[in-house]
A.B. asks: 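Pasting in a structure now, in structure tokens, and then I'll have a few things to ask.
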There are 2 protein chains.
Amino acid sequence: MSQSPWQPISPPKPPRPAKAPLTRERIVDAAMRLIVEHGYDAVSMRKIAQELGTGPASLYAHVANKGELDQLLVDRAAQQMKLSDEPDPANWQEQVKDYMREMLRVMRANPGVARAAIGQVPLVEHAMLSTEKLLAILKAGRLPDQAAAWAADLLPLYVTAVSFEETVQNASNWTPADVERFVGEMRTFFADLPADRFPVTVALATALTAGAGGDERFEFGIQVITAGLASLAEPS
Amino acid sequence: MSQSPWQPISPPKPPRPAKAPLTRERIVDAAMRLIVEHGYDAVSMRKIAQELGTGPASLYAHVANKGELDQLLVDRAAQQMKLSDEPDPANWQEQVKDYMREMLRVMRANPGVARAAIGQVPLVEHAMLSTEKLLAILKAGRLPDQAAAWAADLLPLYVTAVSFEETVQNASNWTPADVERFVGEMRTFFADLPADRFPVTVALATALTAGAGGDERFEFGIQVITAGLASLAEPS
DNA sequence: GGCAGGGTTCGAACGGTGTTCGTTGACGAA
DNA sequence: TTCGTCAACGAACACCGTTCGAACCCTGCC
């Protein structure tokens with residue numbers, strides 16, 4: 001207050017520190033780093049901004065909103081997919097399975113991406129390129145157009161759902177021992193249900209809790225779906 | 001009373017209005033009403049409390065947290081599933097499909113429940129009873145124990161994922177006209193892609209955008225999965 | 001060289017979220 | 001009647017995504 005009246009009050013000009021300019025690229029980088037390290041829910045616009053040494057408002061000059069950022073994350077992940085060689089009509093079923101395995105691998109390598117991807121038609125570049133590849137494999141398998149198109153929706157949906165499930169369950173970094181203990185508890189929970197009302201559940205308690213964390217359950221899923229697709233192929 | 005003038009100030013005692021007591025039941029009722037009417041994202045502890053004429057803190061005497069409330073909502077929905085008659089070995093594939101149709105029906109009738117259910121092992125009463133039914137059908141279909149168990153995981157996962165997808169896309173009450181316009185835009189978007197890099201996508205533009213809102217795509221999915229399961233049945 | 005203008009940066013704020021704290025009040029048991 | 005218990009609740013905490021407006025920097029034109 002006691003400043004002299006004639007003195008314009010704005011003396012403390014902290015010079016804007018020279019920083020690397022903000023870009024879409026750097027924002028997605030930071031978001032990806034955080035998501036891999038702390039999971040989807042722990043990633044907010046504020047945290048990303050903090051990671052970049054700025055405020056949340058700065059991000060909105062490069063990204064429309066969090067939804068768009070999610071799409072960019074999906075694209076970044078899709079970019080990591082190693083897509084195979086030419087579609088091979090003799091081998092299409094195995095190629096479909098490989099596609100799904102590769103998709104799951106990438107989603108596991110980028111936890112949280114599944115959460116961003118689910119329920120979104122992938123309209124970004126690399127995601128669409130991988131869909132193109134999948135469609136080519138399906139057509140090589142002599143699937144009718146409509147079946148191929150819907151399958152290109154069904155397959156990623158399954159993989160994404162599986163990955164999403166894993167994301168939710170792996171929330172807050174369980175150790176393998178934790179998982180094993182939890183699965184054990186669940187098995188005895190199933191086994192101890194009243195046998196008159198849950199006869200089959202009790203009988204299958206072991207099977208129901210088998211392969212919870214591993215790949216067997218996923219392999220089962222892609223086997224079922226691929227076999228189901230094969231039944232729709234046109235005769236050669 | 002008759003306290004001296006320097007009495008501690010706390011005179012205005014508005015009498016607590018006599019209200020119907022809060023119960024778990026009434027909380028779930030209110031949440032269900034709101035979720036059906038406004039969708040999952042519009043439902044918060046505050047809104048639920050407001051609907052009940054109280055504050056959010058009051059809810060926590062009956063419900064541990066929002067996650068538990070989600071589980072209760074899932075159970076409430078599972079309760080609405082009309083589960084069929086006895087498992088019929090001759091008809092098990094159709095029974096599996098009916099089960100999935102019924103599950104989707106209930107999830108559509110309770111938008112947002114899919115969001116609460118995905119990635120959660122259903123350990124609440126009615127959800128488990130429906131799983132028991134499903135397992136019985138699968139065993140009637142002569143599936144090996146392990147296949148039946150994993151299928152009982154795969155099938156609800158698919159239905160939930162489909163419903164979740166619909167939930168996300170139907171966010172903010174699109175009219176059928178809106179949907180049609182959007183689908184049309186997407187079709188031309190696919191059709192106008194560079195044909196050298198997206199040959200199959202361009203060729204299948206129509207098929208890719210067919211049956212977006214209807215049941216055909218879902219019917220395709222359950223057909224594929226059921227056929228795939230059938231291929232795993234043990235010979236009778 | 002000076003200057004206008006457009007994009008970038010960013011502090012502050014808005015309206016929302018889930019959850020917790022400490023107090024209040026009603027009611028059943030002693 | 002008194003006491004103890006526990007549901008109810010107002011207020012607050014620490015967040016969230018997003019917007020606004022002012023300051024700032026760089027570029028291109030006169």
Side-chain angles (χ1 to χ4, degrees), chain A residues 8-28 30-31 34-35 38-73 112 115-116 120 168 171-172, chain B residues 1 3 7-31 34-35 38-73 112 115-116 120 168 171-172:
Chain A
I9 40 161
S10 68
K13 283 193 207 161
R16 178 93 36 108
K19 284 195 208 158
L22 226 42
T23 63
R24 241 171 205 254
E25 206 69 11
R26 292 218 309 136
I27 292 174
V28 175
L34 287 174
I35 216 177
H38 301 109
Y40 181 85
D41 283 324
V43 173
S44 63
M45 298 302 255
R46 283 176 160 74
K47 299 272 180 63
I48 298 170
Q50 193 181 355
E51 180 85 1
L52 294 169
T54 180
S58 305
L59 306 180
Y60 286 84
H62 306 269
V63 167
N65 49 40
K66 193 164 195 261
E68 186 179 303
L69 208 165
D70 282 352
Q71 285 265 13
L72 292 176
L73 289 173
R115 189 127 175 189
Q120 305 228 7
V168 171
S172 63
Chain B
M1 314 301 155
Q3 307 209 344
Q7 60 173 345
I9 39 159
S10 67
K13 286 190 206 162
R16 177 104 23 118
K19 284 196 209 156
L22 224 45
T23 64
R24 240 171 205 253
E25 206 70 10
R26 291 192 55 222
I27 292 174
V28 175
D29 280 348
L34 287 175
I35 215 178
H38 301 109
Y40 181 84
D41 283 324
V43 173
S44 64
M45 297 302 257
R46 280 175 162 76
K47 301 271 181 63
I48 297 170
Q50 193 180 358
E51 179 85 0
L52 293 169
T54 180
S58 305
L59 306 180
Y60 285 85
H62 306 269
V63 168
N65 50 40
K66 190 158 196 266
E68 186 179 303
L69 208 165
D70 283 352
Q71 284 266 11
L72 292 175
L73 289 173
R115 189 124 172 192
Q120 304 230 5
V168 171
S172 63

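Note that this is a predicted model, so its numbers are computed, not measured. A note on names: the letters A, B, ... follow the listed sequences, proteins ahead of strands, and every chain is numbered from 1.
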A.B. asks: Can you tell which of C/dT19, D/dC9, C/dC10 lies closest to the side chain of B/K66?
C.D. replies: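 Among C/dT19, D/dC9, C/dC10, the one nearest the side chain of B/K66 is C/dT19.
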A.B. asks: Taking CD1 from B/I48 and P from C/dG16, how many angstroms apart are they, rounded to a whole number?
C.D. replies: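 It is 16 Å, rounded to the nearest whole Å.
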A.B. asks: Which listed nucleotide (C/dT19, D/dA11, C/dC10) is nearest to the side chain of B/A57?
C.D. replies: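 Among the listed nucleotides, the one closest to the side chain of B/A57 is D/dA11.
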A.B. asks: Would you mind telling me which of D/dT18, C/dT17, D/dG17 lies closest to the side-chain atoms of A/P56?
C.D. replies: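 Nearest to the side chain of A/P56 among the choices is D/dT18.
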A.B. asks: Closer to the 5' end of DNA chain D via nearest nucleotide, is it A/K47 or A/A64?
C.D. replies: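 Result of the comparison: A/K47.
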A.B. asks: Send over the distance from B/R26 CZ to D/dA8 C1', rounded to a whole Å.
C.D. replies: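 So the two atoms are 13 Å apart, to the nearest Å.
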A.B. asks: From D/dG17, C/dT19, D/dC16, pick the nucleotide closest to the side chain of B/M45?
C.D. replies: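 Nearest to the side-chain atoms of B/M45, counting from C-beta on, is C/dT19.
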A.B. asks: Check this for me: does the side-chain of A/R46 come within 3.5 Å of the base of D/dG17 through a donor and an acceptor?
C.D. replies: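 Looking at the base of D/dG17, it does pair with a donor or acceptor on the side chain of A/R46 (distance under 3.5 Å).
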A.B. asks: Could you state the atom-to-atom distance from CD of B/Q50 to P of C/dG18 in whole Å?
C.D. replies: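 Answer to the nearest Å: 13 Å.
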A.B. asks: Check A/R115 with A/D70, please: is the shortest side-chain N to carboxylate O separation under 4.0 Å?
C.D. replies: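 No.
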A.B. asks: Determine the contact category for B/S44: base if any of its heavy atoms lies under 4.0 Å from a base atom, sugar-phosphate if only primed atoms, P, OP1 or OP2 are that close, otherwise nothing.
C.D. replies: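 It contacts sugar-phosphate atoms only.
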A.B. asks: For the pair made of CG in A/L59 and C1' in C/dG11, what is the distance, rounded to whole Å?
C.D. replies: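 Those two atoms, CG and C1', are 14 Å apart.
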A.B. asks: Does B/E68 pair with B/R24 as a salt bridge, N-O distance under 4.0 Å?
C.D. replies: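 Between B/R24 and B/E68 there is a salt bridge, with a charged N closer than 4.0 Å to a carboxylate O.
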A.B. asks: Choose from D/dA8, D/dT18, C/dT19 the nucleotide whose nearest atom is closest to any side-chain atom of B/H62.
C.D. replies: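 Nearest to the side chain of B/H62 among the choices is D/dA8.
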A.B. asks: Could you state the interatomic distance from CG (B/L72) to CG (B/D29), rounded to the nearest 0.5 Å?
C.D. replies: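 It comes to 11.5 Å.
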A.B. asks: Is the terminal nitrogen or CZ of A/K66 (NZ for Lys, CZ for Arg) located under 6.0 angstrom from the six-membered ring centre of A/Y40 and within 45° of that ring's axis?
C.D. replies: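 Yes - A/K66 lies over the ring of A/Y40, closer than 6.0 Å to its centre and within 45° of its axis.
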A.B. asks: Of all the nucleotides listed (D/dG17, C/dT19, D/dA11), which has the minimum atom distance to the side chain of A/Y60?
C.D. replies: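 Minimum distance to the A/Y60 side chain belongs to D/dG17.
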